[in-house]
Enquirer: 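Before I ask anything, here is the structure I am working with.
Since the model is a prediction, treat every value here as computed from it, not as a measurement.
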Amino acid sequence: MNLKKQFVMKSEQENMRFMYTDSLISTMMAEKVISFFPVIPKEYIVVCIGTDRSTGDSLGPLTGTFLQENKPKNLTVYGTIHEPVHATNLESYIEIIHNQHSNPYIIAIDACLGRSSSVGNIVLGIGPLKPGAALNKTLPEIGDINLTGIVNISGFMEFSILQNTRLSIVVDMAKQLAKLLTEIDSRLQHSIAVPSIVITPVKQESKL
């Protein structure tokens with residue numbers, strides 16, 4: 001699973017969080033995300049991490065699918081339901097991204113577990129994600145900034161918790177994330193437009 005466990009985030013890493021049902025999330029969080037972007041435009045890449053074989057961990061691939069359907073002009077999307085970016089191919093995709101894109105700026109998307117009071121929150125963080133941390137997997141870090149959705153309660157038997165996460169909340173959170181990212185895309189008029197093409201030269205031998 002490409003999933004990080006979220007108990008209490010360090011104050012310097014936690015910049016903003018909104019409940020996914022909040023009507024202000026797209027405008028407020030989009031503005032905050034763009035404030036972290038470099039002065040000189042780069043190629044902006046969205047990497048949606050997760051697998052379609054686990055309800056809770058499908059947040060990333062669903063977000064990538066919904067975002068791609070919106071046909072972004074300035075964001076390149078990796079990770080969809082049909083072509084997920086997960087534990088067994090993440091390292092290969094990182095290599096592909098750095099080979100295909102000049103000095104990319106990566107927005108990493110992933111699901112995570114947290115406190116019961118935090119379920120449904122979408123959290124903006126500075127720096128890379130550490131996928132697989134909750135399941136004690138050693139995977140490469142990814143992302144200049146990250147957006148994580150808290151899909152369920154952390155605790156014991158994380159794998160089982162993810163498998164039994166309600167699909168409804170995951171789908172709704174993924175739609176909200178895609179809406180947020182589409183808002184960001186629409187504000188990147190100053191950058192060089194990069195088609196949202198999902199490059200899939202990786203042979204996916206297995207999924208999680």
Side-chain angles (χ1 to χ4, degrees), residues 1-36 46-67 79 81 84 86-87 107-137 139 141-184 208:
M1 294 291 169
N2 297 313
L3 191 73
K4 72 172 186 178
K5 184 183 298 184
Q6 181 168 331
F7 290 107
V8 178
M9 297 184 67
K10 296 181 180 179
S11 59
E12 65 268 23
Q13 293 177 328
E14 184 176 347
N15 300 287
M16 181 178 286
R17 65 166 60 203
F18 277 95
M19 180 62 70
Y20 75 97
T21 53
D22 195 313
S23 60
L24 295 176
I25 185 172
S26 293
T27 54
M28 295 294 290
M29 194 168 277
E31 184 175 335
K32 188 69 172 180
V33 169
I34 291 174
S35 73
F36 294 129
V46 180
V47 181
C48 301
I49 303 167
T51 173
D52 60 337
R53 296 196 176 190
S54 169
T55 304
D57 205 23
S58 64
L59 178 69
L62 283 170
T63 298
T65 298
F66 295 145
L67 176 59
I81 284 295
H86 47 68
I107 305 171
I109 310 294
D110 201 359
C112 65
L113 302 176
R115 295 175 177 175
S116 59
S117 59
S118 297
V119 173
N121 279 339
I122 292 174
V123 183
L124 167 64
I126 295 296
L129 286 176
K130 297 180 180 179
L135 302 181
N136 297 317
K137 290 190 175 183
L139 297 173
E141 297 182 350
I142 183 170
D144 294 282
I145 60 174
N146 64 81
L147 289 164
T148 55
I150 305 175
V151 298
N152 212 330
I153 303 170
S154 60
F156 298 103
M157 301 179 66
E158 272 85 0
F159 183 82
S160 178
I161 291 172
L162 285 170
Q163 294 284 14
N164 290 283
T165 297
R166 292 188 62 189
L167 181 60
S168 60
I169 188 173
V170 176
V171 169
D172 289 345
M173 291 180 74
K175 287 181 178 178
Q176 190 63 270
L177 277 165
K179 182 180 178 181
L180 164 61
L181 291 162
T182 300
E183 175 69 19
I184 292 170
L208 290 182

Enquirer: Would a 4.5 Å heavy-atom cut-off, applied to side chains only, mark Ile169 and Val119 as touching?
Expert: yes
Enquirer: Taking side-chain hydrogen bond (donor to acceptor under 3.5 Å, both in side chains) as the test, write out the residues that go with Thr55, two or more places apart.
Expert: none
Enquirer: For Ser168, what residues pass the side-chain hydrogen bond (donor to acceptor under 3.5 Å, both in side chains) criterion, not counting sequence neighbours?
Expert: Arg166
Enquirer: For residues 174-182, run the donor-acceptor check on the side chains, cut-off 3.5 Å, and write out each pair with its distance to 0.1 Å, sequence neighbours left out.
Expert:
unit_1, atom_1, unit_2, atom_2, d
Gln176, OE1, Ser26, OG, 3.4
Gln176, NE2, Tyr20, O, 2.7
Thr182, OG1, Asn70, ND2, 2.9
Thr182, OG1, Ala178, O, 2.7

Enquirer: Does Asn121 have any side chain to side chain contact (heavy atoms under 4.5 Å, CB included) partners at least two apart in sequence or in another chain, and if so, which?
Expert: Arg17, Met19, Ser118, Val123, Ile150
Enquirer: What do the steps show when you test Leu59 against Asp110 for side chain to side chain contact (heavy atoms under 4.5 Å, CB included), and what is the final call?
Expert: CA-CA 7 Å; Leu59 178 69; Asp110 201 359; over 6 Å; no
Enquirer: To the nearest 0.5 Å, what is the distance between OG1 (Thr148) and CD1 (Ile49)?
Expert: 11.0 Å
Enquirer: Walk me through it: do Leu162 and Val151 pass the test side chain to side chain contact (heavy atoms under 4.5 Å, CB included)?
Expert: CA-CA 8 Å; Leu162 285 170; Val151 298; 4.3 Å; yes
Enquirer: Run the side chain to side chain contact (heavy atoms under 4.5 Å, CB included) test against Ser23 and tell me which residues pass, sequence neighbours left out.
Expert: none
Enquirer: With sequence neighbours excluded, tell me which residues meet side chain to side chain contact (heavy atoms under 4.5 Å, CB included) with Ala108.
Expert: Leu129, Ile142, Asn146
Enquirer: Once side chain to side chain contact (heavy atoms under 4.5 Å, CB included) is applied, do any residues pair with Asp22, and if so which ones, sequence neighbours excluded?
Expert: Phe18, Leu24
Enquirer: Using the side-chain hydrogen bond (donor to acceptor under 3.5 Å, both in side chains) criterion, which residues pair with Thr165? Sequence neighbours excluded.
Expert: Asn152
Enquirer: Is there a side-chain contact between Ile161 and Ile153 in this structure, where contact means two heavy atoms from C-beta onward sitting under 4.5 Å apart?
Expert: no
Enquirer: Could I get the full list of salt bridge (charged side-chain N to carboxylate O under 4.0 Å, His left out) partners for Glu141, not counting sequence neighbours?
Expert: Lys130
Enquirer: Does anything in residues 119-128 pair up under salt bridge (Lys or Arg N to Asp or Glu O under 4.0 Å), and if so which pairs, sequence neighbours excluded?
Expert: none
